[in-house]
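Only one structure is covered here, and it is reproduced in the block below.
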Amino acid sequence: MDTNALAALLFPNVTATPADMEARFPERQLPEGAVVSRMAPSPTGFVHLGNLVQGLISERMCHQSGGVFFLRVEDTDAKREVPGAVEVLIDTMERYHIRYDEGATKTGDNGAYGPYRQRQRADIYHVFAKQLVLQGEAYPCFCTEEELTAMRAEQEAKKVNFGYYGPYAVWRDRPLEDVKAQLDAGKPWVLRYRSTGSIEHKFKFVDLVKGEIDVTENDMDHVLLKSDGIPTYHFAHAVDDHLMRTTHVVRGDEWLATLPFHLQLFRSLGWKPPKYLHIGPLQKMDGESKRKLSKRKDPELALTYYRQEGFSVDAVYEYIMTVLNSNFEDWRRQNPDAPIDDFRFSAKKMNPAGALFDAVKLRDVSKNVLSRLTADEIYDEIMAWAVDFDRDLYDRFAADPAYAKAILGIGRGGKKPRKDFAVFADVRPYLDFFYDDLFEMKDAVPDAFRKEDVKAALAGFAATYDAGDDAVTWFDKIKAVAEGLGFAADMKEYRQNPEAFPGSVADVSMFLRLAVTGRVNSPDMYDVMQVLGQARVLARIDAMRQTL
RNA sequence: GGCCCGUUCGUCCAGUGGUUUAAGACACCGCCCUUUCACGGCGGUAACAUGGGUUCGACUCCCGUACGGGUCACCA
């Protein structure tokens, strides 16, 4: 086969050479050990947890090493492309503190290694496609979809391996005249790689997450260029990651299957392949068994889900970090207030198997994250969520921010912070009693108590209550009320001999709590009353007396 | 079906041949603190999928089996 003639036939307009490309995209001048990696999503508009995990790992590796992290848009499949998807992706990643040093942006490209959208790089791929043809390592294939489907059916019937290889690679060694005839007839073609690998040959490969793995050589003549002249993922990956000088590729382990082909491609093109980190899939429990999270079945795969549910960005981020690096939790305990970027992420600590998504654990992480915020910070976060998902709450808070912050500030800032909320949606039911129009009696006084005692307790408290009292004085007054009713004021004494009293100061407190909050459980009642203010407290106590 | 990956408490995971009577966290249970709840403290239940090797010794190495997962597109 005259490869020069074939190359001229296939790529008549390609004049640039691989050397031109090398010159156009020179090696990066970076310190020793700097990681260059990328996020390379296809713009489908759906940003999921997997994107975040992959992006987070890459971003950390790059920025912890003084390297470069860039965004490349893999828009080679025009059919699946969703308008505006790139913008959504960039916005979402930005919310999760994932910033790109170069690559596609909302307004265009930024960086010297672009274009960063693969469809705009067609001419670049063609240079290397032509090179492979010249080397006799690529050839055109004119098989139709029907022919390929029939081939597959035949392979299934014969119980042989599926795919375009060996005897099934019908265009692999066709004479030039046949190719020319098809071309002249205007038939569409794809460019295929001419594999010389054999599944009989195995070799070892070191993946940075999986460790040493057994690899079987690829013997398939995979497609390099589709009939529209746009490359497949495989070819684009090799060309782009070489020319963009990527040192590390982080991707899902579903790519392990095609790794042999990728390595083969790098070799044919005369390039050193990058280091690979193949990460296991996120899974979830489905009845008795685990399964990969699926786009269709599992809403929790979409990042928008977490925003909607009211998880803070930091909670999701820290949860993922917890799953990826088990020493993260210890670090966080020791450095509760340190910026998260101070944590030294380690790819070595990742588990080669996929993690199970644990919603309960996420809530726990989230409670811890939220408990560390100041009243001002959590106020801002809640508002950012409520503006889209709880307009009524937003309006209330906006109407009186100082009051809202006072509510949110209860129990905050101490050594033992309250952990009342996992998500912002937990806020409303927690604090509805702070608003008169939302207040309602959710619990009732247990039947064991006499109504007269309850009434007397409320009246006694109301008679002496002064919002200016400190917590000790305030509680001493409650004790006095209890004693006046014959209730035990000292809890130790009461516990030793509960039969001797009709109730205790704890019960009196419960009556008051019921009156003021409408329920038997609440945050510290002194703090609650301080926030509500004297007038509201007395009004509620009075209101409850009326109902008894 | 071929090829590949994985398998430690319910869950996330530590663990790279002896330091392990297998650590921690979440969940669960008990106790303590406490005017309730939350928080916090202390303690408890609970795991190396399985069968063979190799070795003085295996969670750690090798082989088989089972079970999960992935992949075998002109999708990424």
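These numbers were taken from a predicted model, which means no experiment stands behind them. Numbers restart at 1 for each chain; the letters A, B, ... are given by sequence-line order, proteins then strands.
Applying the side chain to side chain donor-acceptor pair (under 3.5 Å) criterion to A:Tyr193, with sequence neighbours excluded, gives A:Ser268. Qualifying salt bridge (Lys or Arg N to Asp or Glu O under 4.0 Å) partners for A:Asp207, counting only residues two or more places apart in sequence or in other chains: none. For A:Ala489, the side chain to side chain contact (heavy atoms under 4.5 Å, CB included) criterion is met by A:Lys479, A:Glu483, not counting sequence neighbours. Under the side chain to side chain donor-acceptor pair (under 3.5 Å) criterion, A:Arg412 pairs with no residue at all, not counting sequence neighbours.
Summary of the strand contacts: A:Met510 and A:Ile213 both lie near RNA chain B, and taking for each the nucleotide with the nearest heavy atom, the more 5' one is attributed to A:Ile213. Between A:Asp524 and A:Asp330, the residue anchored closer to the 5' end of RNA chain B is A:Asp330, taking for each the nucleotide with the nearest heavy atom.
Spacing of C1' atoms, B:rC13 relative to B:rG6, comes out at 15 Å, to the nearest Å. Taking atom C1' in both B:rU60 and B:rA49, the straight-line distance is 16 Å, to the nearest Å. Rounded to whole Å, the separation between the P atoms of B:rG53 and B:rG41 comes to 48 Å. When the P atom is used for both B:rU8 and B:rG15, the distance is 14 Å, rounded to whole Å. If you take atom C1' in B:rU21 and the same atom in B:rC48, they sit 15 Å apart, rounded to whole Å. Only the C1' atoms considered, B:rU20 is 10 Å distant from B:rC59, to the nearest whole Å. One P atom belongs to B:rU45, the other to B:rC39, and the distance between them is 23 Å to the nearest Å. Rounded to whole Å, the separation between the C1' atoms of B:rU7 and B:rG40 comes to 37 Å.
Separation of the A:Phe266 and A:His237 ring centroids falls under the 6.0 Å cut-off. You'll find the ring centres of A:Tyr526 and A:Phe475 outside the 6.0 Å limit.
Between the P atom of B:rC13 and the OH atom of A:Tyr319 lies a distance of 8 Å, rounded to the nearest Å. One atom, CD of A:Glu154, and another, P of B:rG2, lie 19 Å apart when rounded to the nearest Å.
Using a 4.0 Å heavy-atom distance criterion, A:Thr216 is classed as a sugar-phosphate-only contact. Here A:Asp214 lies in heavy-atom contact (under 4.0 Å) with sugar-phosphate atoms only.
Separation of atoms CG (A:Leu303) and CZ (A:Phe311) is listed at 12.0 Å; rounding is to 0.5 Å.
For a distance-only test at 3.5 Å, the side chain of A:Arg519 fails to qualify as a donor-acceptor partner of the base of B:rC37.
Within a 6.0 Å radius of NZ in A:Lys442, more than 12 heavy atoms belonging to other residues, nucleotides or ligands are found.
The closest side-chain heavy-atom distance from A:Asp214 to A:Lys204 is below 4.5 Å. At a threshold of 4.5 Å between non-hydrogen side-chain atoms, the residues A:Met220 and A:Phe261 do not count as touching. A:Phe449 places a side-chain heavy atom less than 4.5 Å from the side chain of A:Met510.
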At under 4.0 Å between heavy atoms, which parts of nucleotides 70-76 of chain B does protein reach? Answer with one letter per nucleotide, 5' to 3': B base, S sugar-phosphate only, - none. SSBSBBB
Could you list, one pair per line, each protein nitrogen or oxygen that sits under 3.5 Å from a nitrogen or oxygen of nucleotides 26-31 of chain B, together with the distance?
residue	atom	partner	partner atom	Å
B:rC26	O4'	A:Lys361	NZ	3.4

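Nucleotide B:rU7 has B:rA66 as its partner under the Watson-Crick or G-U criteria, with both atom distances under 3.5 Å. Taking a pair to require two hydrogen-bonding distances under 3.5 Å in either a Watson-Crick or a G-U wobble arrangement, B:rU60 remains unpaired. Base pairing of B:rU54 is not made with any nucleotide, judged by Watson-Crick or G-U wobble geometry with both donor-acceptor distances under 3.5 Å. When Watson-Crick and G-U wobble pairs are counted only if both distances are under 3.5 Å, B:rG30 pairs with B:rC42. Nucleotide B:rC12 is matched to B:rG24 when pairs are restricted to Watson-Crick or G-U wobble geometry with both distances under 3.5 angstrom. When Watson-Crick and G-U wobble pairs are counted only if both distances are under 3.5 Å, B:rG1 pairs with B:rC72.
Checking the phosphate oxygens (OP1, OP2) of B:rC4, a side-chain nitrogen or oxygen of A:Lys202 falls inside 4.0 Å.
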